[in-house]
Amino acid sequence: MNVKLPDGSVREYEGKMTAFDVVRDISEGLSRMACAVKINGEVKDLTTELVGDIDEFVVLKFEDEGGKKTYRHTASHVMAQAVKRIWPEAKVAIGPAIENGFYYDFDVEKPFTPEDLEKIEAEMQIIIDEKLPIDRFELPRQEAIKLMEEKGEPYKVELINDLPEDSVISFYKQGDFTDLCAGPHLPSTGRVRSYKILSAAGAYWRGSEKNKMLQRIYATAFDSKKDLKAYLNMMEEAKKRDHRKLGKELELFALMDEGPGFPFFLPKGMIIKNELVNYWRDVHRKAGYVEISTPIILSRQLWETSGHWLHYRENMYTTVIDEDDFAIKPMNCPGGMLVYKTKPHSYKEFPIRVGELGLVHRHEMSGALHGLMRVRSFTQDDAHIFMLPEQIKDEIKNVIKLIDEVYKVFGFSYHMELSTRPEKSIGKDEDWELSTQALKDALDEEGLEYVINEGDGAFYGPKIDFHLEDCIGRTWQCGTIQLDFQMSERFELEYIGADGQKHRPVMIHRVAFGSIERFIGILIEHYAGTFPVWLSPVQAKILTITDRNNDYANEVISFLESRGIRCEIDTRNEKIGFKIREARNERVPFITVIGDKETEDNTLSVRMRGKKEDEIMSPEELANKICDDVKNKK
RNA sequence: GCCGCUAUAGCUCAGUAGGUAGAGCGCAUCCAUGGUAAGGAUGAGGUCAUCGGUUCGAAUCCGAUUAGCGGCUCCA
């Protein structure tokens, strides 16, 4: 048989050969690194017996996505085996590889304790040291079910029953442990070189809160101890930039028992929030938006019209005023619709872009709250755009560009997702087709990459979501662009077309920051608290050496403030080293020392972030430098 | 909301075996006026989250509540 390698060369073999034999034939070194192979487009076990000519034979190492998955999936089986050895009555559920590691779900009498996890980790090493060969075998459905029933694994039986009729049912056996699994796997448990159990947590069987809660163990595995250590170090470092920790240290915001999920902004955090809002207004004014503000509390009747009273009630805070029901707005759209209706509109006005920095309240479940990332009251940088159907595509492009422009200012990388019509949805087929196509065309014509989430759209229209990453790699949805046919229908929005007739406008609903609170949370982590000058709560801090320098220092402060610079002065009776240490911990971008020398020469000794040497400059020069940085959003 | 863990001074955390609490930082006062990441001394500050139980006695053991943390679910 002929095997074609990625470099184009072809190797000839005779007789029984496994993929691993070929790998070993290519190089001994490679065989030690190999995790799996890709044969004619399919990722397979190294133990796979080769049949016939192979046009594509790619060896997958840990660095390769398929290799990493295989490696960690095997590690998850080793973990499951360890758990079964210690608690034979434990029922195994599923154990896939995930982004940075893997997990396995178990149904056990008692949740795992930290000591249990240590025991499991130790047992895993024993299994690895046993170097158990991992063998694949297939069974017909009935026998597969019988095997799992014998082993007392009801979850596996359920999984088998749910497999499509024609699917191959495969198992992997390693020593005393056999698991239903599609594979592929490493050839031996001895091939797992380093791993670490990270945490245990409850998780619903099949992800539904209606099902039993199982115990999930999260862990990770790498092909070398060095890489594992590097990963664990990285996670430690990431924790240091957690926005909740930095938010407290830098006095940006606070969360209190008195308002769970309702964040308090402290003076320094408020500066960041206001700067973001100023920037937002500037960008939107230039992009042709007008701004409105609608009430936070509106009548029940309005929410019935919008459908929220029926569909979103459990997330809404309600109140009673003069015996009538009112609700605190969870979204801004209904208010925006009322504003649209304050006067008749002509097609000539379109597109009408109406922005609103709306404070919304949503009752999120207590367990879902997370710092500023997931709160119960937040400010959406909302806007509703009313337009003609033929304007959809261009307008979507405009919004995509605007959001991209905004994210670029902060140096964010992000990914986009397009969500299409869900099963439960309302509206005409043609509207869905038209709008989904418009979203797709806009993305494609701009040459943008995106993933499609089939059926994940809102019930009233398809959407494009923008996702940003936090410091430990979790992604948070921020920007979103949603087509909405529901609202204009429900609120009977109208415009007079060129034909003199009344029509329904098309509406999009979009946010760029998403939630200013969440965006700030991500910014804190993104910059690790070291904000660019324009966002820095304190841009310059003046430190005096002795109180002989106070008068000059105050003069300098007044001058800088007259130029709109946010500054602080530290005339405390402390040593300069101590004052510098504090100013640096506060991440002040321009730390200015004034001693006798500077007082005499009317100069400043300025330490700029990231530079080791101080720079001597005049107050004028410092002010210009800071103003330039602010202007350039540096 | 669900599973698990946690709650001690403004902050970060000790508190071994039930016998009414400690450190560092911060704060206040005093000394030192000191040139680029912590000068020294003294002092104030705690119903040990809340409520209830066990006990002669609870920060410590048990239960409930509240909030936080890690996940699940949900979402900007």
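Chain A is the first sequence line, chain B the second, and so forth, proteins listed ahead of strands; every chain is numbered from 1.
On the P atoms, B:rU50 is 23 Å away from B:rU55, given to the nearest whole Å. Comparing the C1' positions of B:rG19 and B:rC61 gives a spacing of 15 Å, expressed to the nearest Å. Taking the P atoms as reference points, B:rU66 lies 31 Å from B:rA21, given to the whole Å. Only the C1' atoms considered, B:rC2 is 35 Å distant from B:rA9, to the nearest whole Å. When the P atom is used for both B:rU8 and B:rG46, the distance is 15 Å, rounded to whole Å. Remark: the separation of the P atoms in B:rA59 and B:rA67 is 24 Å, to the nearest Å.
Remark: the A:Asp257 side chain and the B:rU66 base include no donor-acceptor N/O pair separated by less than 3.5 Å. On a pure distance criterion of 3.5 Å, no polar donor-acceptor pair joins the side chain of A:Ser208 and the base of B:rU73.
Under 4.0 angstrom from either OP1 or OP2 of B:rG26 there lies no side-chain N or O belonging to A:Arg572.
For B:rU20, there is no paired nucleotide, since no Watson-Crick or G-U wobble pair has both relevant distances below 3.5 Å. With a cut-off of 3.5 Å on both pairing distances, the Watson-Crick or G-U wobble partner of B:rC25 is B:rG10. When Watson-Crick and G-U wobble pairs are counted only if both distances are under 3.5 Å, B:rG45 pairs with no nucleotide at all. Pairing for B:rU36 is absent, judged as Watson-Crick or G-U wobble with the two contacts each under 3.5 Å. In this entry B:rA64 has B:rU50 as its Watson-Crick or G-U wobble partner, both defining distances falling under 3.5 Å. Of the nucleotides present, B:rG71 is the one that pairs with B:rC2 by Watson-Crick or G-U wobble criteria, both distances under 3.5 Å.
No side-chain donor from either of A:His509 and A:Gln482 sits under 3.5 Å from a side-chain acceptor of the other. Between the side chains of A:Asp596 and A:Thr599, no donor-acceptor pair of N or O atoms lies under 3.5 Å. In summary, the side chains of A:Asn100 and A:Thr220 do not present any donor paired with an acceptor at a separation below 3.5 Å, with no hydrogens or angles considered.
Across B:rG71, B:rA38, B:rA76, the shortest atom-to-atom separation from the side chain of A:Arg581 is found for B:rA38. Relative to the side chain of A:Arg244, the nucleotides B:rU36, B:rG70, B:rA67 differ in distance, and B:rG70 lies closest.
Aromatic ring pairs are classed by plane angle as parallel below 30°, tilted from 30° to 60° and perpendicular above 60°; the pair A:Phe262 and A:His361 is tilted.
Where A:Ala368 and A:Gly259 meet RNA chain B, the nucleotide closest to each residue was compared, and A:Ala368 sits on the side nearer the 5' end. Where A:Gly207 and A:Phe513 meet RNA chain B, the nucleotide closest to each residue was compared, and A:Gly207 sits on the side nearer the 5' end.
Summarising the geometry of A:Gly529 relative to A:Leu246, their closest heavy-atom pair is N-CD1, 3.8 Å, with the distance given to 0.1 Å.
Judged by centroid separation below 5.5 Å and plane tilt below 30°, A:Phe378 stacks onto the base of B:rA76.
Atom CG of A:Asn573 is separated from atom P of B:rA28 by 13 Å (rounded to the nearest Å).
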